[in-house]
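For reference, the structure is listed below as structure tokens.
Bear in mind the structure is a predicted one, so any value in this text is a computation, not a measurement. Protein chains get the first letters and strands the later ones, always in sequence-line order, with residue 1 at the start of each. Computed from heavy atoms alone, side chains included, the values below leave out hydrogens, waters and symmetry copies.
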2 protein chains.
Amino acid sequence: MKFSKKSEYGLRALLELCETYGGRVLQRHEIAERQNIPVEFLEQILLALKRAGLLASRRGIRGGYSLIKSPEEITLGQVIRILDGPLAPISCVSRTAYQKCSDCPYATKASCPLQEAMGEVRDAIANILDHYTLSRFALSKQAEGSYAHHKRS
Amino acid sequence: MKFSKKSEYGLRALLELCETYGGRVLQRHEIAERQNIPVEFLEQILLALKRAGLLASRRGIRGGYSLIKSPEEITLGQVIRILDGPLAPISCVSRTAYQKCSDCPYATKASCPLQEAMGEVRDAIANILDHYTLSRFALSKQAEGSYAHHKRS
DNA sequence: GATTTTGTCTAGTGAGTTGCTCAAGAATTC
DNA sequence: GAATTCTTGAGCAACTCACTAGACAAAATC
């Protein structure tokens, strides 16, 4: 019941990209160094986020990545689903990737105990993550002292 | 972000054991057949639940497994932790198996954005599963028609 | 237009986990 | 003591995770 490193790295990378939102682009190695992420692995993550429409990129000598949606519009739920797949703890309660369980004796019945319980869990997780915006997420970063920024200074 | 088959099978097995709670024992193959679970795999699960103190077993010709705690006292959270490990989506927010993240640049800082978000998720999951008793869980089973029981008839 | 600097794409890989199987042994009952 | 059941431990194929490597494509600069 864990999120993968992919999601973790992805979210940490977006933390950096939030900061330069509207401004300059960030290169893979900048993000990788600041967030302590293996650069080639990070690349795959950034590309996935790009394909999903969150990031834009430019190649060449002044290239890099940048956010193309406002941090207010992006939720942690979106990001995690892109990188880790559906949030649901079992696939028969997934809204985004439903799959009927093949071996469960309740599959054909009106109600399934597991579905009921796991449905609640799914809803709780989605409820938090689909309302947790990147901008709120990035706030916690500014809280700590040694990284202090002058916003738009 | 999925629960394993182990947890799923374990919970489904307990569904059967709830029904005979206080009465007769159930043998592996009975549970396996009714719940459509590979018997040798189920065995490992039952033994884990036994070691954790939820089940008792008797060997020999009239042997089998039985619940030794009341379904009111057992929560889904307990069962899942036994079979799947901690509920926390990342280990740096686990209450039962905390581990400081080694590579995260916020590990030494006062606050970590990821920890804050994932802490909320952890709490939500634990809040549901640690209050979801087996007796409530088993209720959904009785709801469906073709399995109708006369309780203590 | 050639070189350098970036991103893009595909494939591979070692370690670990999942989901299950097998076989030998120990307790219990009849 | 024979049959039946749980107990233990090992084994294993398939898959996933977290990276790594390398060839390629575009953009900027000289």
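Atom CG of Leu49(A) and atom C1' of dG7(C) are 15 Å apart (whole Å). As rounded to whole Å, 14 Å separates atom C1' of dT8(C) from atom CD of Glu40(A). The distance between atom CD1 of Ile37(B) and atom C1' of dG19(C), rounded to the nearest whole Å, is 13 Å. Here the P atom of nucleotide dA27(C) and the CD1 atom of Ile61(B) are 17 Å apart, to the nearest Å. Summarising the geometry, the separation between CZ on Arg58(A) and P on dT6(C) is reported as 12 Å, rounded to the nearest angstrom. Counting to the nearest Å, the P atom of dC17(D) and the CD atom of Glu8(A) are 14 Å from each other. Rounded to an integer number of Å, the gap from Arg62(B) CZ to dA3(D) C1' is 15 Å. When rounded to the nearest whole Å, the span between CG of Asp103(A) and C1' of dG19(C) equals 12 Å.
A side-chain donor-acceptor contact under 3.5 Å links Asp103(B) and Tyr9(A).
Counting only distance, with no hydrogens or angles, the side chain of Gln78(B) and the backbone of Glu73(B) share a donor-acceptor pair below 3.5 Å. Not one N or O on the side chain of Arg122(B) forms a donor-acceptor pair closer than 3.5 Å with the backbone of Ala126(B). Listed for the Gln27(A) side chain is a donor-acceptor partner under 3.5 Å among the backbone atoms of Gly63(A). Judged by distance alone, the side chain of Ser7(B) and the main-chain N or O of Leu83(B) form no donor-acceptor pair under 3.5 Å.
Comparing Lys5(A) and Gly60(A) by the nucleotide of DNA chain D that holds the closest heavy atom to each, the one mapping nearer the 5' end is Lys5(A).
The side chain of Ser4(A) places no N or O atom within less than 4.0 Å of a non-bridging phosphate oxygen (OP1 or OP2) of dT16(D). Of the side-chain N and O atoms in Ser57(A), one or more sit less than 4.0 angstrom from OP1 or OP2 of dT8(C). For Arg51(A) and dC9(C), the shortest distance from a side-chain N or O to OP1 or OP2 is below 4.0 Å.
Among dC19(D), dG7(C), dC6(D), the nucleotide with an atom closest to any side-chain atom of Phe41(A) is dC19(D). Checking dT21(C), dT29(C), dA28(D) against the side-chain heavy atoms of Pro38(B) singles out dT21(C) as nearest.
Residue contacts for Lys50(B): at a heavy-atom cut-off of 4.0 Å it reaches the sugar-phosphate backbone alone, with no base atom in range. Counting non-hydrogen atoms under 4.0 angstrom, Tyr9(B) reaches the backbone sugars and phosphates but no base. Using a 4.0 Å heavy-atom criterion, one finds that Gln27(B) contacts the sugar-phosphate atoms exclusively.
With hydrogens and angles ignored, a donor-acceptor pair under 3.5 angstrom links the side chain of Gln44(B) to the base of dT21(C).
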